[in-house]
Amino acid sequence: MDARPHERPRQGRHGLVSAAPAVLAAAAVSLVVAVCGGLLRACPATAPPGLPGWLVAGASSHAALMICGFLGTIVATERAVAVGRAWGWLAPAASALAAALLVAGDAGHGRLALLLAAVAFLGVNVHIVRRQPAMHTALLAIAAGAWLVGDALFQAEAGTPLPWWFGFLVLTVAAERLEMTRLRRRARGTQAQLAAVVGALLAGATGASLPGDAGTIGLALFGAGLVLLSAWLFAHDIATRTISTKGLSRYMAACLLLGYGWLAVSGIGWIGLSFGRPWRDMALHALGLGFIVSMMMAHAPVILPALTRVRLRFGAWFYAPVALLHASLALRLLLGMDDLLLRGVGALLNAVALLVFVATMAGAAVAWRVARIGAAGPEVD
Amino acid sequence: MNAIAAQDRVESCDPFPYAGPAALQPAVAAALRRVIDPEIAMSIVDVGLVYGVDIDARQARVRVTMTSAACPVVDVIIDDIWHELSRVLPETLAIDVELVWEPPWMPARMSDRAKAVMGW
């Protein structure tokens, strides 16, 4: 660190925080295109001809853009900032490039770029394990491995990458929450229970990629793993304690606990799929939106300043997009289970919740600046 | 002789290892208590992330750790430490915040107050 008298260091430990805006912009484009494509898929009416290419790409590559192009890029950026090495940025740069290629309709090169991103990301995580050998860092590396397997399946067009891609996100969250459980007095068997859950998820994802009975059993096992992970999180996560605090900490706990509920719903959806029930939307979106996006809403007020150096002012209005997301998901996945129109309206309101969330974060950034101007110092977090 | 160097020096271990002018110790401790880990609404002092503060005639050197090597908030916390210390330390002092990983953070480093919040 620079240590001249009271001269503030301007950049991060690696001097590459300036790379973040370009990468995050690509992630944002990926999100917007994926959401528009998702809405097209959720629309109960037949799509008109002559749609723009990017919208068609958004619909056909919805999962790849959402999970890899958006969330993968964000997670890889987080990890690059954490390791503080220039080469750590290879992974988010490659997944950002992949997002751009997929949006442009060049799926072939997009798939290759995703594979490169996952290989680079695995390298970053191996570095973290060597820096801090522990179960939670090992789990982060396993999550990175799951992303790589998913990308390899996507590249080879052999079997569904979805359980592996979701596995990447779910295991990443599990690893981060496991790390936080160290702040609580851990019950005996906490880590062993999680190891069993991870085993079920990996075995389930492996089976789900295969045809025949193995595929059916894999779906059920993956679903069971999600339900068990939800139970593990409710039992051991610090959110059940921090929900009794106040301010940002309580907001984060509320998002986390709501997400853990949807995680269990999603698990039931995957188990239902294995029995041939038409619960695909519940399986995929209780997980992707109810769990993962809720995790994102929980952590964004902490992560955004870390990635962009833009500070945010917390307020009760943070709860508005969270409430809208979860209410619209209930409409879509529970009330809309047998009603395509309700499901479509729910999906539209899911997208509105994301928009409101973006507006909330932007408003919080403005509110912080206003508060700083009005006060002697930035005592607002 | 520098005014800071001429002040009475003190060495203590509570709430974190401190070596420097006795007069600055309360302000430094208060400044670091204002740096909050946002997820758990707890100061980095209570979580036990501050490994030590050494202040001599030229600089204030702070050694901190994180609970996880994968923590992306590290730069924000380091910035906050710098900001809070810059408000209480003489302008002539350089501020050097060093991130260290040895010894690894352990739950035993948490304060009694932090442990009570977390149900220990």
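Atom set for the values below is all heavy atoms of this structure, side chains included, hydrogens, waters and symmetry mates excluded.
Heavy-atom neighbours of chain A within the stretch residues 40-47 of chain B, taken at a separation under 4.5 angstrom, comprise B:Ile40, B:Ala41, B:Val47.
The backbone N or O of A:Tyr251 sits less than 3.5 Å from a side-chain atom of A:Tyr319, completing a donor-acceptor pair. Side-chain atoms of B:Tyr51 come within 3.5 Å of backbone N or O of B:Pro103 as a donor-acceptor pair.
Ranked by heavy-atom pairs shorter than 4.5 Å toward chain A, the options B:Val73, B:Thr67, B:Ile77 are led by B:Thr67. Looking only at heavy-atom pairs under 4.5 Å with chain A, the residue among B:Ser68, B:Pro38, B:Pro107 that has the most is B:Ser68. For the set A:Met180, A:Arg79, A:His127, the entry with the most heavy-atom pairs within less than 4.5 Å of chain B is A:Met180.
In this structure, A:Thr181 OG1 and B:Met118 CE are separated by 11.0 Å, a value rounded to the nearest 0.5 Å.
Defined by atom type and a distance below 3.5 Å, a donor-acceptor pair is missing between the side-chain atoms of A:Thr242 and B:Glu39. Side-chain contact annotation: A:Arg241 with A:Ser249, donor-acceptor N/O pair under 3.5 Å absent.
Contact of A:Leu140 with chain B is made through the side chain alone, with heavy-atom distances under 4.5 Å. Contacts of A:Glu78 with chain B are made by both backbone and side-chain atoms, with heavy-atom separations under 4.5 Å. Heavy atoms closer than 4.5 Å to chain A are found in the side chain of B:Trp101, but not in its backbone. For B:Pro104, no part lies near chain A; criterion is any non-hydrogen pair under 4.5 Å.
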Only pairs under 3.5 Å count here: list side-chain donor-acceptor contacts from residues 187-195 of chain A, not counting sequence neighbours, and write none if there are none.
| unit_1 | atom_1 | unit_2 | atom_2 | d |
| --- | --- | --- | --- | --- |
| A:Thr190 | OG1 | A:Ala187 | N | 3.3 |
| A:Thr190 | OG1 | A:Ala187 | O | 2.6 |
| A:Gln193 | OE1 | A:His236 | NE2 | 2.8 |

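The aromatic rings of A:Phe121 and A:Trp147 sit perpendicular, their planes meeting at an angle over 60°, well past the 30° parallel limit.
Heavy-atom contacts from other residues, nucleotides or ligands closer than 6.0 Å to CZ of A:Arg186 number more than 12.
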Checklist line | Test log, rule salt bridge (Lys or Arg N to Asp or Glu O under 4.0 Å), inputs B:Arg34 and B:Glu84 | finding: CA-CA 7 Å; B:Arg34 288 194 293 271; B:Glu84 292 297 344; 2.8 Å; yes

